[in-house]
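Being a predicted model, the structure only gives us computed values, none of them experimental. Computed from heavy atoms alone, side chains included, the values below leave out hydrogens, waters and symmetry copies.
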Amino acid sequence: MGRTRQCRSPLQCRRTKYSAMRPAYVRPTHLIITVHGIRTFGQWQERLAKLIRSAEPTARVCNYHYGYFSIIAFMIPFLRWIVTRRFRHALIAEASNANWDRIDIVAHSFGTHLVAWAIHEMNVDTRPRIHTVILAGSVLKPWFPWSDLIGKGVYRLVNDCGTKDGILILNQLFVLFSGMAGRIGFNGMTNEQFRNRFFAFGHSGYFVKKYTLDDSFMKESWIPLLCGTASA
């Protein structure tokens, strides 16, 4: 049976080790980081990690947790900046922890804010080389400057949108410097490295179907991007 290694919070990491009955331990070369949204502790992250381990047992999966973030806190730009800064430090530390062949990031809701602005605020010369960024239910503005990142540290962006995401309409109306790119998509010239994808569900439709936890979307839409060579 494989064992898992756990690192300290808030970046909880898992990787598979091989027992004596299997070949010698293989050093992970693929790092995948997940980031949850507000008003949740990100239960979907462990479910996605399990899917990744089934598809690519040697991948290292790190689930970033920043704790329960209230709506009131989310509405205060300075508090968002603090959490983003902490994530940026955690990302740099983990990306520098090994000579990774590939780094991918998956983020939902407020997690998309942390990921996008953390990467954007890094110096282009020291920015980790990130292969794929998958965003779901993004709270970013549609005009977020991805052109500053694509080809300059980030190879591919996949922005998954819920066309019935009513939460993002409220976010657009009431939260300063925030938007609903997770409903209407990002502006710009789309191609194989910059893609908006649209699905007929709400803010949690990526993880829930008919009020029941469901992993089918993650398995069908994310695993091929993270653990294979599929195009968006």
Engineer: So, Asp214 side chain and Phe207 main chain: donor-acceptor pair closer than 3.5 Å or not?
Structural biologist: no

Engineer: Under a 4.5 Å cut-off applied to non-hydrogen side-chain atoms, are Ile33 and Leu31 in contact?
Structural biologist: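 Yes, side chains in contact.
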
Engineer: Could you check whether Arg47 pairs with Asp215 (Lys NZ or Arg NE/NH1/NH2 to Asp/Glu carboxylate O, under 4.0 Å)?
Structural biologist: yes

Engineer: Test side-chain contact (heavy atoms from CB on, under 4.5 Å) on Ile150 and Arg156; report intermediate values, then the result.
Structural biologist: CA-CA 7 Å; Ile150 304 297; Arg156 175 172 64 179; over 6 Å; no

Engineer: Are the side chains of Asp165 and Cys161 in touch, meaning some heavy atoms are under 4.5 Å apart?
Structural biologist: no

Engineer: Could you tell me whether the side chains of His120 and Asp148 share a donor-acceptor contact shorter than 3.5 Å?
Structural biologist: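 Indeed, the side chains of His120 and Asp148 share at least one donor-acceptor pair under 3.5 Å.
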
Engineer: Taking the side chain from Tyr206 and the backbone from Gly162, do they hold a donor-acceptor pair closer than 3.5 Å?
Structural biologist: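 Answer holds: yes.
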
Engineer: If you apply the rule side-chain contact (heavy atoms from CB on, under 4.5 Å), what do you find for Leu135 with Leu140, and how did you get there?
Structural biologist: CA-CA 10 Å; Leu135 305 182; Leu140 293 166; 4.2 Å; yes

Engineer: Does Trp143 belong to the same Ile/Leu/Val/Met/Phe/Trp/Tyr cluster as Met180, with side-chain heavy atoms less than 4.5 Å apart forming each link?
Structural biologist: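 As far as the 4.5 Å side-chain criterion goes, Met180 and Trp143 are not connected within one cluster.
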
Engineer: Under the criterion side-chain contact (heavy atoms from CB on, under 4.5 Å), I'd like the reasoning laid out for Ile134 against Ile105: C-alpha separation, chi angles, the key distance, then a yes or no.
Structural biologist: CA-CA 6 Å; Ile134 299 176; Ile105 302 178; over 6 Å; no

Engineer: If every non-hydrogen atom of Pro142 is compared with every non-hydrogen atom of Ile184, which pair is closest and at what distance?
Structural biologist: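 So the two residues come closest at CG-CD1, 3.6 Å.
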
Engineer: I'd like to know if the side chain of Arg183 reaches the main chain of Gly137, judged simply by a donor and an acceptor atom lying under 3.5 Å from each other, with no hydrogens or angles considered.
Structural biologist: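 No: the side chain of Arg183 does not pair with the backbone of Gly137.
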
Engineer: Does Leu168 belong to the same Ile/Leu/Val/Met/Phe/Trp/Tyr cluster as Leu173, with side-chain heavy atoms less than 4.5 Å apart forming each link?
Structural biologist: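 In one cluster: yes.
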
Engineer: Considering non-hydrogen atoms only, spot the tightest contact between Cys227 and Ile52 and give its length.
Structural biologist: SG-CG2, 4.0 Å

Engineer: Taking Thr112 for the side chain and Val139 for the main chain, is one N or O donor matched with an acceptor at less than 3.5 Å?
Structural biologist: yes

Engineer: Are the side chain of Gln45 and the backbone N or O of Tyr64 linked by a donor-acceptor pair below 3.5 Å?
Structural biologist: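 Answer holds: yes.
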
Engineer: Check this for me, if you would: do Arg102 and Asp104 make a salt bridge, where the nitrogen-to-carboxylate-oxygen distance has to be below 4.0 angstrom?
Structural biologist: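 Looking at Arg102 and Asp104, the cut-off is met.
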
Engineer: With a 4.5 Å cut-off on side-chain heavy-atom distances among I, L, V, M, F, W and Y, is there a chain of contacts connecting Ile92 to Ile103?
Structural biologist: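 Same cluster.
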
Engineer: Looking at every non-hydrogen atom in both residues, tell me the closest pair between Phe186 and Ser138 and how far apart they are.
Structural biologist: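 Distance-wise, the nearest heavy atoms are CZ-OG, 3.9 Å.
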
Engineer: For Ser109 and His36, which I'm curious about, is there any donor-acceptor pair between the side chains at under 3.5 Å?
Structural biologist: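 There is no such pair between these side chains.
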
Engineer: What I'd like to find out is whether the side chain of His203 reaches to under 4.5 Å of the side chain of His108, using heavy atoms alone.
Structural biologist: yes

Engineer: Please answer whether the main-chain N or O of Met122 pairs with a side-chain N or O of Arg127 as donor and acceptor at a distance below 3.5 Å.
Structural biologist: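 Such a contact is found between Arg127 side chain and Met122 backbone.
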
Engineer: Any heavy-atom pair between the side chains of Val115 and Leu91 that's under 4.5 Å?
Structural biologist: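 No, too far: nothing below the 4.5 Å cut-off.
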
Engineer: For Val158 and Arg197, which heavy atoms make the closest approach, and how far apart are they?
Structural biologist: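 Looking at all heavy atoms of both residues, the shortest contact is CG1-NE, 3.4 Å.
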
Engineer: Starting at NZ of Lys209, measure out to OG of Ser204 and round the result to the nearest 0.5 Å.
Structural biologist: 14.5 Å

Engineer: Where the side chain of Lys141 meets the backbone of Ser178, is there a donor-acceptor pair that is under 3.5 Å apart?
Structural biologist: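 Present.
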
Engineer: Taking the side chain as C-beta and beyond, is there a heavy-atom pair between Thr84 and His113 under 4.5 Å?
Structural biologist: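 Touching, per the 4.5 Å side-chain cut-off.
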
Engineer: To the nearest 0.5 Å, what is the distance between CD1 on Ile119 and CH2 on Trp146?
Structural biologist: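 Here the interatomic distance stands at 6.0 Å.
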
Engineer: What distance do Arg80 atom CZ and Leu176 atom CG have between them, rounded to the nearest 0.5 Å?
Structural biologist: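 Arg80 CZ to Leu176 CG: 6.5 Å, rounded to 0.5 Å.
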
Engineer: Has the side chain of Asp101 got a donor or acceptor atom that lies under 3.5 Å from a matching backbone atom of Thr29?
Structural biologist: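 No, because the side chain of Asp101 does not come within donor-acceptor range (under 3.5 Å) of the backbone of Thr29.
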
Engineer: For Phe87 and Ala118, work out which heavy atoms get closest and say how close.
Structural biologist: CD2-CB, 3.6 Å

Engineer: Sort out for me which residue in Phe144, Trp81, Phe110 forms a ring-ring contact (aromatic ring centres under 6.0 Å, His included) with Trp117.
Structural biologist: Phe144

Engineer: Taking all heavy atoms of Glu46 and all of Asn63, pick out the closest pair and write down the distance.
Structural biologist: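 Of all heavy-atom pairs spanning Glu46 and Asn63, the closest is OE2-ND2, 3.3 Å.
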
Engineer: Do His30 and Thr58 make a side-chain contact, defined as non-hydrogen atoms from C-beta onward lying under 4.5 Å apart?
Structural biologist: no

Engineer: With distance as the sole test, does Thr212 use its side chain to make a donor-acceptor pair with the main-chain N or O of Val208 at under 3.5 Å?
Structural biologist: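 Side chain of Thr212 to backbone of Val208: no pair is present.
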
Engineer: How about Lys164 and Phe201: do any of their side-chain heavy atoms sit closer than 4.5 Å?
Structural biologist: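 Contact flag for Lys164/Phe201 side chains = no.
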
Engineer: Are Trp44 and Met218 packed together at the side-chain level, in the sense that at least one heavy-atom pair is separated by less than 4.5 angstrom?
Structural biologist: yes

Engineer: Assigning hydrophobic clusters by single linkage (Ile, Leu, Val, Met, Phe, Trp, Tyr; side-chain heavy-atom cutoff under 4.5 Å), is Ile32 placed with Tyr155?
Structural biologist: no

Engineer: Quick one: do the Asp160 and Trp222 side chains pair a donor with an acceptor below 3.5 Å?
Structural biologist: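 Indeed, the side chains of Asp160 and Trp222 share at least one donor-acceptor pair under 3.5 Å.
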
Engineer: Is there a donor-acceptor contact under 3.5 Å from the side chain of Trp100 to the main chain of Pro28?
Structural biologist: no

Engineer: I'd like to know if Glu121 and Arg88 make a salt bridge, using a cut-off of under 4.0 Å between side-chain N and carboxylate O.
Structural biologist: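 Judged by the 4.0 Å cut-off on N to carboxylate O distance, Glu121 and Arg88 do form a salt bridge.
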
